[in-house]
Amino acid sequence: MRRCTRRSVRLAARAALAALVLTGCATGPSLENRGQVTAAPGDSRHLSIGSAGFTESELLAQMYAVLLRKAGYETDLLTVGNRELYEPSLESGQIDVVPEYAATFADWLNAKTNGADADPVASPDLDTTMKVLRSLATPRGLTVLPPGRAVDQNAFAVAASYAERHGLKTLSDLGRAKLPVRLAAGDECVQRPFCAPGLKRTYGIDITAVDPKGVGTTPAKQAVQNGQDQMVLTTSTDATVEQFGLVFLEDDKKLQNADYLVPVVNRARAGSERVAAALGKLNSVLTTEDLADLNQRVDSWRRLPEDVARDYLRKKGLL
């Protein structure tokens, strides 16, 4: 009779996870049955890195994999379409490491723990957000490593000519200008507290309408470029705004939450200081501007994420 090795068990688990991804469901261990929560941090030789399937997540996963391989680990990458699938797999140890966003992940875990109607717990303050995030992640057997310098959060841009004409550098400037603003964004912006309602409440910006062209899409940016709309909702790592003649307005009153990049690991398998040290090397160099540039190299220049990731690490002296 053939003996099953740990390696074969792990491969079977990944195959099961792939099947779950295809069928659209995944489960993690129950909160009542998690011995790994109190176990010593693990240091498994072979680690699976998950990504959420969009460019930025793929780039980060690729960089994590390269840094972990340099530190002596065997790695593989698994693309999982959304948080509803990869987070339970992270808890169960089918995935060992994922790149996450501090504020978004904190609110997601809070809703999972306390119900969909639970009040948000994340905030614009990074320290506060990290504290609550770790309090929610630890009981699930997850360790949230220190955040890096890069942040990917909602950002708002206007035409450079419009900003110059009205003397705009910040969202506060736009509020003080009392200009009517038609905002190109996703249709959910009408209700999201960090979009139209927040712009009105925090900055006094007169949002006259939300043009539902999506978040940071080409049609949305073109609408601002041609004057149909006055402002677009995109993200802080959007490297294409200049191509459309747009400039960011600073979120000077910190409306947006602290969505700094954080590696999250399964404590029982990847909670060691060696893993933290390997991934921490990226935190020390990667900036928001760097991440925007890397996204552009993949999305606009059509380069492969693995090539872009490796070139960046080499440029920064990490390889």
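Residue indices begin at 1 and follow the sequence shown. The figures here come from the full heavy-atom set of this structure, side chains too, leaving out hydrogens, waters and symmetry mates.
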If you measure from [atom1] on [X] to [atom2] on [Y], what distance do you get to the nearest 0.5 Å?
{"X": "Leu136", "Y": "Leu109", "atom1": "CG", "atom2": "CG", "result": "6.0 Å"}
{"X": "Lys213", "Y": "Leu233", "atom1": "NZ", "atom2": "CG", "result": "14.0 Å"}
{"X": "Leu199", "Y": "Met231", "atom1": "CG", "atom2": "CE", "result": "5.0 Å"}
{"X": "Leu47", "Y": "Ser272", "atom1": "CG", "atom2": "OG", "result": "8.0 Å"}

Between [X] and [Y], do the side chains contain an N or O donor and an N or O acceptor separated by less than 3.5 Å?
{"X": "Asp96", "Y": "His46", "value": "no"}
{"X": "Arg269", "Y": "Ser48", "value": "no"}
{"X": "Asp107", "Y": "Tyr101", "value": "no"}
{"X": "Asn295", "Y": "Asp299", "value": "no"}

Any link between Phe194 and Leu126 through a network of hydrophobic side chains (Ile, Leu, Val, Met, Phe, Trp, Tyr) touching at under 4.5 Å?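 No; Leu126 is not reachable from Phe194 via cluster members.
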When you group the ILVMFWY residues by side-chain heavy-atom contacts below 4.5 Å and let the links chain together, are Tyr162 and Tyr203 in the same group? yes
From CA spacing to verdict: salt bridge (charged side-chain N to carboxylate O under 4.0 Å, His left out), Asp311, Arg297: CA-CA 11 Å; Asp311 287 350; Arg297 289 172 186 269; over 6 Å; no
In the structure I gave you, are the side-chain heavy atoms of [X] and [Y] within less than 4.5 Å of one another anywhere?
{"X": "Tyr312", "Y": "Leu318", "value": "no"}
{"X": "Glu58", "Y": "Val298", "value": "no"}
{"X": "Asp251", "Y": "Ser236", "value": "no"}
{"X": "Arg83", "Y": "Lys112", "value": "no"}
{"X": "Leu255", "Y": "Leu171", "value": "no"}
{"X": "Gln230", "Y": "Leu179", "value": "no"}
{"X": "Pro41", "Y": "Thr143", "value": "no"}
{"X": "Lys316", "Y": "Asp290", "value": "yes"}

How far apart are the closest heavy atoms of [X] and [Y], and which atoms are they?
{"X": "Ala157", "Y": "Val241", "answer": "CB-CG1, 4.4 Å"}
{"X": "Val232", "Y": "Ala220", "answer": "CG2-CB, 3.7 Å"}
{"X": "Gly50", "Y": "Ala61", "answer": "O-CB, 4.0 Å"}
{"X": "Pro263", "Y": "Tyr64", "answer": "CG-OH, 3.5 Å"}
{"X": "Thr129", "Y": "Ser123", "answer": "OG1-O, 2.8 Å"}
{"X": "Leu90", "Y": "Val98", "answer": "CD2-CG2, 3.7 Å"}

Working note: Leu78 + Tyr86, criterion side chain to side chain contact (heavy atoms under 4.5 Å, CB included); need CA distance, chi angles, decisive distance, verdict. CA-CA 9 Å; Leu78 183 61; Tyr86 71 67; over 6 Å; no
For Val132 and Asn110, run side chain to side chain contact (heavy atoms under 4.5 Å, CB included): C-alpha distance rounded to whole Å, both residues' side-chain angles, the deciding distance at 0.1 Å, then the answer. CA-CA 9 Å; Val132 71; Asn110 181 51; over 6 Å; no
What residues form a side chain to side chain donor-acceptor pair (under 3.5 Å) with Thr234, not counting sequence neighbours? Asp238
Walk me through it: do Asp152 and Asp259 pass the test side chain to side chain contact (heavy atoms under 4.5 Å, CB included)? CA-CA 6 Å; Asp152 187 351; Asp259 253 335; 5.7 Å; no
Could Arg274 and Tyr73 be counted as a cation-pi pair, given that NZ or CZ must be under 6.0 Å from the ring centre and within 45° of the axis? yes
Is it the case that atom CD in Glu242 sees more than 12 heavy atoms from other parts of the structure closer than 6.0 Å? no
Please say whether more than 12 non-hydrogen atoms of neighbouring residues, nucleotides or ligands are located less than 6.0 Å from CD in Glu164. no
Hey, mind stepping through Phe105 and Val262 against side chain to side chain contact (heavy atoms under 4.5 Å, CB included) and telling me if it holds? CA-CA 10 Å; Phe105 198 42; Val262 290; 5.7 Å; no
Worked check of salt bridge (charged side-chain N to carboxylate O under 4.0 Å, His left out) between Glu74 and Arg45: CA-CA 6 Å; Glu74 296 178 15; Arg45 181 184 175 188; 3.2 Å; yes
